[in-house]
Amino acid sequence: MKHSQPSKEDLLKEEYVTTLTYFLRDSSVYDCLSINNQVSVVDMNLSLFDTFKIFIDSHVDEVLFWNQEIANYDGVFTQTDLIKTVLKCYYNVLYDIPNIWTTNNITAIIEIENEEESYSPIKRTIFGRLTIDQFNQLLQDFKNISIKAWFNSIGENLHQNCLIKAELDENLNDVCQKFITENITRIIVIEKESKMISGIIQQKDILSFLVKGFSQYFALKKHQNKTTNTNHHHEQHELQMEYFKDEVTKLQYTLPAHIPVYDLFYKLIYIYKRNTIAIVDQNNKYLGLIDRRDFLFILKYQMFDILASTTEKFLSLIKTEDSKYLAYYIRNKQQFSFNQTIKQVVENLLLSPRGSLVCLDNEQRVVSIFEISDLFKIFVIDNQNFENSGQ
């Protein structure tokens, strides 16, 4: 029986994955930890308002909590936690639900939340806007409620945001496995002897390191192995996105422009669990991208009423805000095509202000919306599958 011969693309992909595996094993966390990496540490008794301000002023993606009782780091508060907190506080104030449980109001709150499951923002549309008194109440709650008190009030423990750690000398292949098995996008980096935190490594740090070091690694392996074909290595590095089209075209995450901004971020966080979403008009034509960081615009200008407005209006405000910065136009990369190489897409993805790229058809409809985490999973999952198949 004659076996079918693997295609040239299959051979290129297999060698690509093999080289990637060795590259990750030969590299450590220290090699790709960003020199601009910063870690913001706050006390758990800090107010919600002051915690939000750190995100706005410092442009960080997360803050670590310091627990004075145990004299150690005790949790992490991310942009996702920030959005969840604001949405819930806003909802509570709008419907006269206290944001802090006490012995006097806990029974009433439970009854409200259990009533026909109407507490779910997806099933109960936000009607009306905050009154002046409600707006002032919301700000007062943000300033008076500490992070610790808030998590205790909603029945969650900061320890649930466990700190997944990696040491500086740990190889990147093992770190990539942690990203996938723990379903996370960032890992706390620890210095082995002192146990002090050296920084935070994210998926984009590893992708950036791949862009910078992969070509040199190919050249090094070619030099070490005299039998290696130079053109073959070049072709291997120029593997096109077309090869991954089946996986990538499954990523068609869109929301209509007419829905309230509240529902937009609720679905982004709880339903799709994505960082970025493509906004489309009534004809499903692409209008723009909105990601989790855009939520900071609402906090920065205290525009809480925008949560009751349409996503189309919010997108227009975001575009106006982006246009104020020259760097946005210089670095703005929003689209990709399947005839681009992996290297080109990774580079553009890292240059994208929202860490996402969209592919459109000739009628401006979304074919795929591609995040850093998606590209990371394609690289690493294929990498792990290859390793497992070889065992």
Side-chain angles (χ1 to χ4, degrees), residues 40-67 74-102 105-106 109-110 112-113 119-122 124 126 129-130 134-163 184-186 260-275 290-308 314:
S40 296
V41 181
V42 300
D43 189 281
M44 290 190 297
N45 293 316
L46 198 68
S47 70
L48 293 173
F49 185 87
D50 290 335
T51 303
F52 298 160
K53 196 171 186 300
I54 292 174
F55 280 85
I56 296 170
D57 295 341
S58 303
H59 307 286
V60 295
D61 294 322
E62 65 282 307
V63 296
L64 297 181
F65 291 115
W66 180 261
N67 189 334
D74 199 31
V76 60
F77 188 81
T78 66
Q79 285 183 343
T80 300
D81 297 315
L82 181 151
I83 296 172
K84 288 180 178 180
T85 300
V86 174
L87 291 183
K88 189 167 180 66
C89 284
Y90 176 89
Y91 185 97
N92 287 348
V93 169
L94 186 63
Y95 290 103
D96 297 321
I97 303 172
N99 270 318
I100 287 293
W101 292 11
T102 67
N105 62 33
I106 187 170
I109 293 174
I110 292 175
I112 292 174
E113 291 187 343
Y119 187 77
S120 169
I122 292 300
R124 180 176 181 178
I126 297 295
R129 300 176 182 273
L130 296 177
Q134 287 175 328
F135 176 84
N136 291 333
Q137 180 63 53
L138 183 61
L139 284 183
Q140 183 179 343
D141 285 348
F142 286 156
K143 293 178 180 180
N144 293 341
I145 300 174
S146 70
I147 291 290
K148 185 176 182 179
W150 171 253
F151 274 88
N152 289 338
S153 175
I154 62 176
E156 293 184 12
N157 193 313
L158 284 172
H159 294 281
Q160 288 183 344
N161 290 323
C162 56
L163 299 177
I184 53 178
T185 60
R186 59 182 60 80
V261 176
Y262 186 101
D263 289 358
L264 161 72
F265 282 105
Y266 190 95
K267 290 180 178 181
L268 187 63
I269 297 295
Y270 289 101
I271 306 302
Y272 295 118
K273 298 179 180 179
R274 303 278 293 177
N275 289 319
I290 289 180
D291 75 317
R292 297 186 187 192
R293 286 190 176 186
D294 291 323
F295 196 86
L296 295 178
F297 174 85
I298 298 174
L299 292 178
K300 180 178 180 180
Y301 297 105
Q302 298 183 0
M303 296 178 62
F304 300 112
D305 274 351
I306 197 68
L307 291 170
F314 181 65

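- When all heavy atoms of Phe314 and Val261 are compared, the pair lying nearest together is CB-CG2, 3.5 Å.
- Here the straight-line distance linking atom CD1 of Ile145 with atom CG of Asn99 works out to 5.0 Å at 0.5 Å rounding.
- For Asp61, the salt bridge (charged side-chain N to carboxylate O under 4.0 Å, His left out) partners at least two apart in sequence or on another chain are Lys204, Arg293.
- Taking 4.5 Å as the limit, every side-chain heavy atom of Cys89 sits out of range of all side-chain heavy atoms of Asp141.
- Applying the salt bridge (charged side-chain N to carboxylate O under 4.0 Å, His left out) rule to pairs touching residues 43-52 yields nothing, sequence neighbours excluded.
- Applying the side chain to side chain donor-acceptor pair (under 3.5 Å) test to Arg186 and every residue at least two apart in sequence or in another chain returns Glu62.
- Partners of Phe49 by ring pair (Phe, Tyr, Trp, His ring centres under 6.0 Å), not counting sequence neighbours: none found.
- Nearest heavy-atom pair across Asn45 and Lys148 is OD1-CD, 4.1 Å.
- Under the 4.5 Å side-chain criterion, counting only non-hydrogen atoms from C-beta, Val86 is in contact with Phe52.
- The ring pair (Phe, Tyr, Trp, His ring centres under 6.0 Å) search around Phe297 returns Tyr301, not counting sequence neighbours.
- Rounding to the nearest 0.5 angstrom, the gap separating the OG atom in Ser146 from the CZ atom in Phe151 is 10.5 Å.
- The structure places CZ of Arg274 at 15.0 Å from CD1 of Ile290, a figure rounded to the nearest 0.5 Å.
- Of all the heavy atoms in Val42 and Val63, the pair that sits closest is CG2-CG2, 4.1 Å.
- In this structure, Val76 and Phe65 have side chains that are not in contact, with every pair of non-hydrogen atoms separated by 4.5 Å or more.
- What you find for Asn275 and Leu268 is that their closest heavy atoms are O-CD2, 4.0 Å.
- Side-chain contact between Arg292 and Leu82 is absent, with no heavy-atom pair separated by less than 4.5 Å.
- By the ring pair (Phe, Tyr, Trp, His ring centres under 6.0 Å) test, Phe295 is found to be paired with Phe265, residues two or more places apart in sequence or in another chain being considered.
- You'll find the side chain of Phe135 reaches within 4.5 Å of the side chain of Gln302, heavy atoms only.
- Between Tyr262 and Tyr266, the angle of the ring planes stays under 30°, which puts this pair in the parallel group of the 30/60° scheme.
- For the atom pair Asn92 CG and Leu87 CG, the distance stands at 11.0 Å (nearest 0.5 Å).
- Here Lys53 contributes atom NZ and Leu48 contributes atom CG; the two are 15.0 Å apart, rounded to the nearest 0.5 Å.
- Heavy-atom minimum distance, Ala308 versus Tyr90: CB-OH, 4.0 Å.
- The one candidate from Ile269, Thr78, Leu299 that meets the side-chain contact (heavy atoms from CB on, under 4.5 Å) condition with Ile83 is Ile269.
- Residues Leu307 and Ile298 share a closest heavy-atom pair of CD2-CD1, 3.9 Å.
- Once rounded to the nearest 0.5 Å, the distance linking CE of Met44 with OG1 of Thr51 reads 11.5 Å.
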